[in-house]
Structure formats: structure tokens, C-alpha cells
Amino acid sequence: MRIETAGQNAFIVYFADQTSALVAAQIQAAVTRIRTTMAEMIVDLVPSYASLLVIFDIDRSDHFAVRGAIAAALKDLASSESSEGRLVTLPVYYAEESGPDLGRIAERAGIGIDEVIALHQQQEYRVYAIGFAPGFAYLGEVDERIAAPRLETPRQKVPRGAVAIADRQTAVYPAVSPGGWNLIGLCPTRMFDPDAEPSMPVGVGDRIRFEAIDRARFLDLGGEL
Amino acid sequence: MRQPGLLSLLMDRGRFGAHDLGLTTGGPLDFVAFDWANRLLGNDRNATCIEIGFGGLQLEAETATSVAITGATAPCTLDGKAIEQWRSYDLAPGDRLEIGFATAGTRAYLAVAGGFRVEPMFGSTATVMREKIGGLAGDKLQDGDLLPCSDGPVGSHQRLDEAGRPVYGDSARLRVVPGYQYHAFGHLQRWRFFNSAYRVTDRCDRMGFRLEGENVASEIVGMLSEGICLGAIQVPADGQPIVLMHDRQTIGGYPKIGSVIPQDLAALAQLGPGASVSFEAIDLSAAHTIHLLQQAAFRRTQLSPC
């Protein structure tokens, strides 16, 4: 673990060079510890794949105190303490009408579309990071067989709820946006709703499972095609 | 709102504590001018103002209130008569306030007594158009928008003397706290970065300012995305630095050589395309000292009655 300077009022803690479920769990434990012991000093925490950005209130503390407090908070951070995260199940309507890239991923892997769908569901994913857009959660890791590179030309418009794969990451688009990930289905659950409490069904460190639903159920749950 | 101008945004000091939802901070690009606008009216430091990008604004008062305009220099009139910036004025119902296009600097700030009364989202009124969050329905101000304010006029007027006002030129020296992937930039690369002039391009917005000049390369081939703080200087594969501003994405995967201190971001934000900037490395303690001195100077500076 290394604590490095990021800016006038920010440090970044690096936990590892690579990401893994263990590292993700450790980062979440670090977030909990820092939130508990440094609440007065902290403005924002940004956990990501293998790092944690700590933005502090420069009017309430100083960089010596904050650096020391981070080091103290993370002392003996045992992986055994690592939080399991909540398990959240997200329903997905996997079909060629909702996932236009299913066929291409199947062809690339030399397997059937049903197998792609099964492989995407069989994994339990971790939320490694949230960013890019409000509510956009980066989930890892996708089975190697269905990992697919980003599109050469991103789509102008990816629908809200699109379930997508890029390399070994998967995500649900929280809002209509341009995007270069491979689309394999649609999820009717709102990933970001500013009027809801909480605004997001998941947080960094949580575990996600996808569960196939049929067209009728998708529409029942408020999905739109 | 009779004429919204190019990019007029309702803005408080920013949205803090919402990065875990992927929400950025937003907030005034030039907090110095923003803070003075509120101070001239005796407002709370976080009161909501309008950030006026480039100017072209016309407003009509529907209630009695007071206003102050700071930041970029622009021709301002009240009912057709020229008024001064960096001081407060009372407005009566029916008065028309016009802020023309900026002649020096790019961002002006308009404060009203007590601040504009808009509902905060995630603890802030700062408008972030990309996220459709804050302000009025997450968008820039439009023709016909009604901007609620309710405190009534302040009555006594104050001005900030010229000596205390920032000067908006066409260059800036940006002080940088080295950090993040600084060590992945070799000696020669760092020397180049801190010893050349960069030009502000026309690809600058509230997310980031793209600069043009000497190429800088890091030894990094691919890296994991990580949290980005205000002012971080990203150096993508083309070697041309991008200074990340208030509406930046919260995480990103480009190497960063360090971060510009907020005091100097305020100066950068006032520069237009073609302006020249250079970078100077300072350590974290110097960066803190600058912050504390700036705060002290702000508190110490007296406004003059007028």
C-alpha cells in the first residue's frame, strides 16, 4: 500500500498494481475505516480498481494531519476484515432485440448465443468503480470466453438499461448515452435515479448477479424496448 | 431572463460528497471572482450565483433586490446606463440589467442579495449539464427562465477597490503539485513540461482545458482508472496536456503528472484560446501556504462604501 500526493487537497492510496476481488474488498474496508475515523476531514472518497482517492477539507485540516490519519486508519488493514459487500440481483432481458451484439460475441467465442447468456449470468461480479457518468458501475470480471473489445466506432446512442461488455468488464448504462461497449441485453432496474432514495441500487464493493428474465417480465418491470 | 447569453449557469461552490454516485463537483471555474460577488452583497459564501460564460446576458428584475457583477470585464448597464463591476447596486422591479460580451477574461459572476433560491440536488445547486443535475432542470439558463430571489435589496453599497481586483491578461503561470504518476515521467520529460510555454486551445470547457505545445511522454503503457482530483493534468498518448476542471469525470485512466492548485485554476479559467501558460512545480506545503495566505488576504481586504 502506498499513499501518494494527488493534489493540493487530495491523496491517492494505491493498494496493488492489478485489480482482483480481494483488492476490491480491501478497498471497501479502507473506505469504511476512513469514513469512520476521518469523517470530519473528508470531502469525498473515490474508490476505483486498485486505488482510493481521498479528497480532504483543506479548511479543516492540513496535509500532514490527513496523511498521518490515512496511514493510521489503514494500519493492519487485514484482508480478513474485507467486507463482503451486499449481493444485488439485477434482472436482464437477454435477446437479440435487446442485445444487438450477442451474435457477434457468440461467433467470436465459437459458442451459441445461449451459452453467452449463461456465461454472463454464471459469474458473481464486484462493483470495482463508479464513474464515467452518474450511476455507471464498472463490474468485473467477465468470463474470458465472452470478453470482447470495445467497438471500433462507438454507437451514438446506447439505450438506458443496456447491459454491456468491454474486455473483462460489464456494466448497465444508467442513462441514454453514446457508448462503445458490446450490448447483450436490457435491465429494467434504474441504475441512477436522482429522485429515488438511494439514487443507486449498488455501491462500490457490492456483489452483483444477473438473472435472465423473459420479454413479458421485462415489460412488467417497466422496461422499454 | 430576457436573453440567456452563451453559457449562463446557476452555480454554488460545488457538489461535495457525491463522487460515490459518479457525480462530479461542478462549481465556479473562477472561485475568486465568485467569492467576491457574494461578499459584495454580504451573502453566505455558498450562495447561488450565475456563472456567465462569455456574456450576452439580459435580465429584468421582477422584485427589488441587489446585485453585484465580478469576474471577466464586460460592458454592464442598468436600465441603459453604464454601471461598474466589483460593486453592489440596488434593483427595482422593472429594471433591466445587461451584461455584454467579455473584453478581458471569459467568466463573469452575477450575485443577488441572499443568492438565487433554487432547490439543491445532492446538496448543491451547481449546474452540471453533462449530468443534467443542478440549476433549473440541470440545464443552462434559457430565455424566459424565472430566477427566484427573495431577500430584498441590501441598501448600503460596497465596492472592491481596483488594487484588490484580479487582472485578466493573456498568460498565466500555473503552480503544480507533482503527484499521481509524476515518477513515470522521465527527467527530460519533466524538464520539458516545466520549461515550455503551452497555448490554450479552443477545445476548452468546464470539463477540461486542452493545451498545445511540447510533447510530454510518460513510461506508462496502460493503467487502471483511478479517482481524478480538481486540476489534475492528464497527459494522453498524444503528449498534449489537459488540465481537468470542475466538471471532470470522477475517474479516468490517463497518466497524470500532478495537479494545478485551485488558486491558479481560477486564473486559467479566465484565459481564452491562444493564451499562453507555463507550469511551475511546488511542494504540498507551499500549496497549503498559498491557500492559507489567499484566504487570509480575502478576509483582510476591506470593501469601500460607495
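Every heavy atom of this structure was used, including side-chain atoms; hydrogens, water molecules and symmetry mates were not.
Heavy-atom distances place the backbone of A:D17, and not its side chain, under 4.5 Å from chain B. Looking at B:F122, the atoms closer than 4.5 Å to chain A (heavy atoms on both sides) all sit in the side chain, from C-beta outward. For chain A, no part of B:A286 is nearby; none of its heavy atoms comes within less than 4.5 Å. Only the side chain of A:F64 has a heavy atom closer than 4.5 Å to any heavy atom of chain B. Heavy-atom distances place the side chain of B:R130, and not its backbone, under 4.5 Å from chain A. Both the backbone and the side chain of B:S285 come within less than 4.5 Å of a heavy atom in chain A. With a 4.5 angstrom heavy-atom cutoff, B:I282 does not touch chain A via any of its atoms. With a 4.5 Å cut-off on non-hydrogen atoms, A:F192 touches chain B through its side chain but not through its backbone. For a residue to count as touching a neighbouring chain, one of its non-hydrogen atoms must lie under 4.5 Å from one of that chain's; by this rule A:V204 does not touch chain B.
One distance of note links NE2 of B:H291 with NE2 of A:H63; it measures 12.0 Å at 0.5 Å rounding. Here the CG-CG distance, from A:D62 to B:L292, works out to 8.5 Å after rounding to the nearest 0.5 Å. Taking OH of A:Y49 as the start and CD of B:E226 as the end, the distance is 12.0 Å to the nearest 0.5 Å. Atoms CZ and CD1, from B:F16 and A:I55 in turn, are 9.0 Å apart once rounded to the nearest 0.5 Å.
What you find for B:I251 and A:A129 is that their closest heavy atoms are CD1-CB, 3.8 Å. In plain terms, the two heavy atoms of B:H288 and A:Q8 that are nearest each other are NE2-O, 3.0 Å. Residues A:V46 and B:G227 approach most closely at CG1-CA, 3.7 Å, considering heavy atoms.
For the options B:T250, B:L224, B:I290, heavy-atom pairs under 4.5 Å to chain A are most numerous at B:L224. Highest contact tally toward chain B, considering only A:L53, A:I12, A:V202, is held by A:L53 [criterion: heavy-atom pairs under 4.5 Å]. Contact count versus chain B (heavy atoms, under 4.5 Å) is highest, among A:G135, A:P174, A:P194, for A:P194. Of the listed residues (A:S51, A:G7, A:A6, A:A10), the one with the most heavy-atom contacts under 4.5 Å to chain B is A:A6.
Between the A:D44 side chain and the B:G17 main chain, a donor and an acceptor come within less than 3.5 Å of each other. A:S48 places a side-chain N or O within donor-acceptor distance of the main-chain N or O of B:S225, the cut-off being under 3.5 Å.
Between A:P134 and B:L23 there is a side-chain heavy-atom pair separated by less than 4.5 Å.
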Apply salt bridge (charged side-chain N to carboxylate O under 4.0 Å, His left out) to the pair B:D20 and A:R35, showing each step before the final yes or no. CA-CA 12 Å; B:D20 52 0; A:R35 271 203 208 293; 3.5 Å; yes
Check against side-chain contact (heavy atoms from CB on, under 4.5 Å), A:F132 and B:Q249: CA-CA 6 Å; A:F132 171 63; B:Q249 293 179 7; 4.1 Å; yes
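Annotation: B:Y198, atom OH; neighbour count of heavy atoms from other residues, nucleotides and ligands within 6.0 Å is above 12. Counting non-hydrogen atoms of other residues, nucleotides and ligands closer than 6.0 Å to CD of A:Q122 gives a total above 12.
Within the structure, ring-ring contact (aromatic ring centres under 6.0 Å, His included) contacts touching residues 9-31 of chain A (residues at least two apart or in different chains) are A:F11-A:F56.
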